[in-house]
Amino acid sequence: MRLGEFLPLHEIEDSEGDFDQEVTGLTYDSRDVTRGKVFFAVSGEKLDGHDFVPEGLKRGAVAVVVERKAAWPVGTTWIRVNNVRAAMGSWGAHFFGRPSSRLKLVGITGTNGKTTTAFLVESMLSAAGWNPGLVGTIIYRYQEKEIAAHHTTPESLDLQALLADMERAGIKSVVMEVSSHALVQERVRGIDFDVGLFTNLSRDHLDYHVDMNDYFSAKSRLFTDYLPRSAKSEKTAVIHGDDPRGQELISRSQRAGLTIWSYGRNEKWDIHPLEVESDVHGLRGKIHVRGNVINFSSRLIGSYNLENILGAVGAACAFKFPPDAIRAGIERLSNVPGRLEKIENDRGVAVLVDYAHTPDALEKVLRAVRPLTQGRLFVVFGCGGDRDRGKRPLMGEIAARLSDLVVLTSDNPRTEEPGRILVEIETGVRKSGCARLELPPFRDAQQALHRGYVIEEDRRKAIAWALNWARRGDAVVIAGKGHEDYQILGTKKIHFDDREVARAELSRSDEA
């Protein structure tokens, strides 16, 4: 490809140089530049790509795409645009041959439920014979290949390369989680979506977004910007109507000319439940789909997973899947890593690991587990450092109100003092009237039967404490990290998997 081919893809504010040169690749990492590649000077939160333009040129960049000019060597070919990330997405799509134009592509956004809904949609695509790929928080996978996910949604060049690889491998459809960061940072620019799916909106990422309106505006862009610009002939928005923001998004999507499938528990929505049972074995019932009824059975635990199932059904309806494929897709999915994932044991204690790290997610998880619990409900959780501090007391209050014993501990403290994070969570716990208990050894063994909370900064010890004091019929929810297999202490990342720790502690107590 010649450099000049890319210029019409994005509005150019200024440029200079030789545009008849051959382009061998595109990159936003100056360390990855080799002769013939175009270097995009992306401005990040900590580093500014413009500072690395000289290194890119030294390594042989055929051209640089920038937002501001500087004193570069004579003969440098440069293109100035108003948004480097947007240009990078458009150029990346062209360089990799627009693979999304030939794939059936579902983008899922929202605060909670994205991952489970994506797994459900993937299962339905597979049941329909559409050979799917998955791009999400936990993993990127297709065929027999699995790639660890470093971001919920990859950078645009990495995403386009991944989609191209998927297409070459024979993939016919892709379901993708689309984060608010990805939407703001243009990571999905140049992607031709068929379906956009909105799960819900609740407090999260307010360390990045100015406020909830800004956060909603970011999520909305999938439906008001990216989906309308898609080259696909049929473009559908699947929206959770019970969510107040969902109702607003339905109006915006209608104005954007999208086909709408609404879902929720209320019978006024296109897709809603008729009869549903929920227990420790999962969910069963009937779903109404615009005059038709689909019987379903799911091994997913928790009543809130009903919304995830309904949303996935909406995506399947957008593709006109037959009821059998929808039913099979629901039934085949046995679990989602780190989403109310059971840790098997012989002690009669329900041990569940969940990714819930927002107030809304934690409340939904505890409300779902409470009716399934015969005895006491323990919850072990903390809050991440260097992130939204406002949610800490909110989560503390929710945990104290909806459980019997709260174990406050570290999540990913990062560069914050762990003790300060715990104090901020504790203010919410105390507001509920919950009393602080002593850590073992107890002077009075009956203290472990009381309602209250304890603080144990060491997450491994906190998990061990809860598991050691849980009795038959109790439930222990270990929340916040879910599928993550690391913990960030300061600037160091160590291996830490709640599931591994729980299994080890259960095994140790069984041997004692």
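Fair warning: this is a prediction, and the values are worked out from it, not measured in the lab. The first residue of the sequence shown is numbered 1, and numbering continues consecutively from there.
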| task | Please assess Glu186 against Arg221 for the test salt bridge (Lys or Arg N to Asp or Glu O under 4.0 Å), listing each intermediate value before the final yes or no. | result | CA-CA 10 Å; Glu186 306 281 349; Arg221 288 188 62 183; 3.1 Å; yes

| said: Using salt bridge (Lys or Arg N to Asp or Glu O under 4.0 Å), reason through Arg189 and Asp225 one step at a time and then give a plain yes or no. | reply: CA-CA 10 Å; Arg189 183 62 63 198; Asp225 180 0; 2.9 Å; yes

| query | For Glu248 and Arg245, what are the C-alpha separation, side-chain angles and deciding distance, and is it a salt bridge (Lys or Arg N to Asp or Glu O under 4.0 Å)? | reply | CA-CA 5 Å; Glu248 184 177 345; Arg245 294 289 195 168; 3.7 Å; yes

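With 3.5 Å as the limit, one finds a donor-acceptor pair spanning the side chains of Asn412 and Lys481. In this model, no donor atom of one side chain and acceptor atom of the other lie less than 3.5 Å apart for Glu177 and Thr152. Asn82 and His10 are linked by a side-chain donor-acceptor pair at a separation below 3.5 angstrom, with hydrogens and angles left out of the test. For the residue pair Gln487 and Ser410, no side-chain donor N or O sits within less than 3.5 Å of a side-chain acceptor on the partner. Of the N and O atoms on the side chains of Thr109 and Lys219, at least one donor lies less than 3.5 Å from an acceptor on the other residue. Using modelled atom types, one finds no donor on one side chain facing an acceptor on the other under 3.5 Å when comparing Tyr28 with Ser156. Looking only at atom types and distance, the side chain of Glu341 has no donor-acceptor partner in the side chain of Tyr355 under 3.5 Å away.
Between the side chain of Arg414 and the main chain of Gly385, a donor-acceptor pair closer than 3.5 Å is present. Formation of a donor-acceptor pair under 3.5 Å by the Asp354 side chain with backbone atoms of Leu340 is found in this model. Between the Ser507 side chain and the Arg503 main chain, no donor and acceptor come within less than 3.5 Å of each other. Side chain of Asn200 to backbone of Asn112: a donor-acceptor contact under 3.5 angstrom is found. In this structure a side-chain-to-backbone donor-acceptor pair under 3.5 Å is present from Asn345 to Val349. Without hydrogens or angle criteria, His288 side chain to Gly291 main chain gives a donor-acceptor distance under 3.5 Å. Between the Lys235 side chain and the Ser230 main chain, a donor and an acceptor come within less than 3.5 Å of each other.
Using a cutoff of 4.0 Å between basic side-chain nitrogens and carboxylate oxygens, Glu275 and Arg284 are not scored as salt-bridged. Between Glu484 and Lys493, none of the side-chain N atoms (NZ, or NE/NH1/NH2) sits under 4.0 Å from a carboxylate O, so this pair counts as no salt bridge. Lys364 has no carboxylate O lying under 4.0 Å from a charged side-chain N of Glu307, or vice versa, which leaves the two without a salt bridge. Salt-bridge annotation for Arg370 and Asp404: present, with a side-chain N of the basic residue lying under 4.0 Å from a carboxylate O of the acidic one. Under 4.0 Å is where a charged nitrogen must lie from a carboxylate oxygen, and between Glu167 and Lys172 no such pair does. We find that Asp474 and Arg376 are joined by a salt bridge, their nearest charged nitrogen and carboxylate oxygen being less than 4.0 Å apart.
Taking all atoms of both residues into account, the shortest heavy-atom contact from Ala316 to Met124 is CB-SD, 3.8 Å.
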Side-chain donor-acceptor contacts of residues 87-96 below 3.5 Å, not counting sequence neighbours, with atom names and distances?
residue	atom	partner	partner atom	Å
Ser90	OG	Ala86	O	3.3
Trp91	NE1	Phe6	O	3.4
His94	NE2	Glu5	OE1	3.3

Compile the donor-acceptor pairs under 3.5 Å between side chains in residues 324-333 and protein atoms, sequence neighbours left out, one pair per line.
residue	atom	partner	partner atom	Å
Asp324	OD1	Arg327	NH1	2.8
Arg327	NE	Asn295	O	3.0

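Residues passing the salt bridge (Lys or Arg N to Asp or Glu O under 4.0 Å) test with Arg339: none are found, sequence neighbours excluded. Legend: residues meeting salt bridge (Lys or Arg N to Asp or Glu O under 4.0 Å) with Arg389, ordered by chain and number and at least two apart, are Glu424. For Ser432, the side chain to side chain contact (heavy atoms under 4.5 Å, CB included) criterion is met by Ala400, Cys434, not counting sequence neighbours. With sequence neighbours left out, Asp165 forms a salt bridge (Lys or Arg N to Asp or Glu O under 4.0 Å) with Arg168.
Shown are Lys232, Arg98, Lys104; of these, the salt bridge (charged side-chain N to carboxylate O under 4.0 Å, His left out) with Asp192 is made only by Arg98. Each of Val175, Val178, Val174 was evaluated against Val135; a single residue qualifies, Val174, per the side chain to side chain contact (heavy atoms under 4.5 Å, CB included) test.
For Phe378 and Trp469, the ring centers are positioned 6.0 Å apart or more. Taking the six-membered ring for Trp, Tyr263 and His240 have ring centres closer than 6.0 Å.
Using the six-membered ring where Trp is involved, Phe198 and Phe216 have ring planes that are perpendicular, over 60° apart on the 30 and 60° scheme.
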